[in-house]
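Because only heavy atoms are used, hydrogens play no part in the values below, and waters and symmetry mates are left out as well, while side chains stay in.
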Amino acid sequence: MHPLLRPPDASTGADVLLMESTYGNRRHDRTASRERFAAAVARTLSRSGTVVVPSFAVDRTEVVLCELAELRRSGRLPAGARIWVDSPTALAALWVYQSALAEHSPEFRTGPEADGTTLDASGFSTTRTLEESALIERSAAPSVIVPASGMATGGRVLHHLRRLLPDPRNAVAVVGFAPQGTRARDLIDGARTVKMLGEYVPARAEVVNVPGFSAHADAADIIAWLRDGGAPAPSAAYLVHAEPDAAQTLRDRIDEELGWNAVVPRSGERVLVR
């Protein structure tokens with residue numbers, strides 16, 4: 001029988017809040033992350049290396065492409081460098097974003113710098129089929145490859161990593177949250193070999209962690225959202241989608257700064273909501 005969590009005063013009909021706490025113990029410095037990414041790309045291309053940017057197909061790829069487009073416009077990306085978007089799903093999502101931007105969709109929120117060229121795919125080399133993906137290996141130009149998946153757990157990114165990780169001229173930029181047990185996290189933590197596609201691959205390439213590109217809010221953003229939401233405090237806030245330290249740190253902040261009842265549930269627990 002699973003233990004049962006009963007939020008205080010649940011019988012009164014008070015709301016229960018369920019929210020992520022992925023970065024509950026961290027702060028994003030997005031300006032520093034953008035500069036870190038730009039410097040890693042410039043550094044790698046200057047030594048004739050290739051940058052692999054494992055990215056989630058929806059949202060994260062678009063963020064990365066906007067950054068690369070800005071680097072190209074500002075002259076920080078060499079004119080001859082090629083940007084490969086190696087994910088059919090990411091290209092399909094990119095089309096949705098492009099359409100919404102072109103049609104000024106009210107559901108598409110953009111920054112003040114967004115215009116019709118922000119996600120212009122004409123500056124990218126796109127691959128949809130496996131045969132087209134294999135052509136990337138033959139490119140002699142300095143390159144940035146943006147494949148799925150973001151945590152390097154599967155997909156085309158594995159073939160690129162197997163080929164490029166052994167060479168210290170290359171780099172891997174991890175641009176999202178990488179939980180324990182994923183290849184991306186292993187690389188961030190300094191693994192010298194990574195197993196993929198049935199073999200152990202030496203990891204000699206530079207690894208750059210860029211958490212500020214993540215779509216997950218940091219602790220300050222979460223606290224601000226809770227404080228400024230305008231709704232009364234819930235009977236309980238359940239913090240999920242995080243590693244234990246992050247969830248517990250955010251729980252403590254919610255308790256201390258907002259005075260709310262926050263809970264980090266254990267795996268398998270159930271909550272009775274009335």
Side-chain angles (χ1 to χ4, degrees), residues 32-57 60-87 90 121 123-127 130 132-176 178 182-197 199-214:
S33 288
R34 295 181 69 182
E35 180 56 36
R36 183 177 177 85
F37 178 75
V41 170
R43 188 166 58 244
T44 305
L45 296 181
S46 71
R47 59 180 181 242
S48 300
T50 296
V51 185
V52 182
V53 191
S55 298
F56 298 109
R60 194 64 42 76
T61 294
E62 288 73 30
V63 170
V64 170
L65 294 182
C66 283
E67 289 296 323
L68 291 170
E70 176 58 30
L71 292 180
R72 177 169 281 164
R73 281 194 293 268
S74 66
R76 299 188 66 181
L77 193 69
R82 296 191 69 172
I83 301 171
W84 297 88
V85 186
D86 191 22
S87 169
F124 313 136
S125 299
T126 60
T127 62
L130 291 176
E132 290 173 337
S133 179
L135 294 176
I136 298 176
E137 185 174 350
R138 304 178 191 174
S139 174
S143 302
V144 179
I145 308 172
V146 187
S149 67
M151 299 179 190
T153 52
R156 296 182 181 182
V157 66
L158 298 185
H159 297 277
H160 298 301
L161 290 176
R162 181 173 62 177
R163 178 172 64 90
L164 298 170
L165 271 177
D167 191 336
R169 294 177 300 172
N170 301 323
V172 180
V174 180
V175 292
T182 63
R183 292 186 185 88
R185 179 62 168 268
D186 290 344
L187 290 171
I188 290 172
D189 289 344
R192 303 314 303 160
T193 58
V194 182
K195 188 176 182 180
M196 62 186 73
L197 302 174
E199 61 186 79
Y200 284 95
V201 178
R204 303 188 186 101
E206 178 184 2
V207 178
V208 182
N209 188 22
V210 193
F213 281 14
S214 177

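- Among residues two or more places apart in sequence or in another chain, the salt bridge (Lys or Arg N to Asp or Glu O under 4.0 Å) test is passed with R156 by D86.
- The salt bridge (charged side-chain N to carboxylate O under 4.0 Å, His left out) analysis of residues 46-56, with sequence neighbours excluded, yields the pairs R47-E206.
- For the residue pair A184 and G150, the shortest heavy atom distance occurs at CB-O, 4.2 Å.
- Screening residues 165-174 for side chain to side chain donor-acceptor pair (under 3.5 Å) gives D167-R169 as the qualifying pairs, with residues at least two apart or on separate chains.
- Of all heavy-atom pairs between R163 and P166, the closest is O-CD, 3.7 Å.
- Here the closest non-hydrogen pair linking A203 and A191 is CB-O, 3.4 Å.
- Of the options L158, L187, L161, a side-chain contact (heavy atoms from CB on, under 4.5 Å) to V194 is made by L187 and by none of the others.
- In this structure, the side chain to side chain donor-acceptor pair (under 3.5 Å) partners of R76, at least two apart in sequence or on a different chain, are E35.
- No side-chain heavy atom of V51 sits less than 4.5 Å from a side-chain heavy atom of S143.
- For the pair L135 and T127, the minimum side-chain heavy-atom distance is 4.5 Å or more.
- Put simply, the side chain of R185 never gets that close to the backbone of M151: no donor and acceptor are under 3.5 Å apart.
- Using a 4.5 Å cut-off on side-chain heavy atoms (C-beta onward), L164 and I145 make contact.
- Among pairs with a residue in residues 32-57, those fulfilling ring pair (Phe, Tyr, Trp, His ring centres under 6.0 Å) read F37-F213, at least two apart in sequence or across chains.
- In this structure, the side chains of V52 and P147 come closer than 4.5 Å at one or more pairs of heavy atoms.
- To the nearest 0.5 angstrom, Y200 atom OH is 16.0 Å from R192 atom CZ.
- Using a 4.5 Å cut-off on side-chain heavy atoms (C-beta onward), I83 and L77 make contact.
- Crowding of R34 atom CZ: a count of heavy atoms from other residues, nucleotides or ligands under 6.0 Å not exceeding 12.
- Of all heavy-atom pairs spanning R183 and M196, the tightest one is NE-CB, 3.6 Å.
- S125 and R82 are linked by a side-chain donor-acceptor pair at a separation below 3.5 angstrom, with hydrogens and angles left out of the test.
- Evaluation of the side chain to side chain donor-acceptor pair (under 3.5 Å) rule for T182 yields no partner, not counting sequence neighbours.
- To the nearest 0.5 Å, atom CZ of residue R36 and atom CG of residue N209 are 6.5 Å apart.
- Atom CD of E67 sits about 6.5 Å away from atom CG of L71, to the nearest 0.5 Å.
- The two residues S55 and R60 come nearest to each other via the heavy atoms CB-CG, 4.2 Å.
- Counting heavy atoms from C-beta on, the side chains of V144 and V41 come closer than 4.5 Å.
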Evaluation steps, side chain to side chain contact (heavy atoms under 4.5 Å, CB included), between R43 and V208: CA-CA 11 Å; R43 188 166 58 244; V208 182; 4.3 Å; yes
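- Scanning both residues, V157 and S149, for their nearest heavy atoms gives CG1-N, 3.5 Å.
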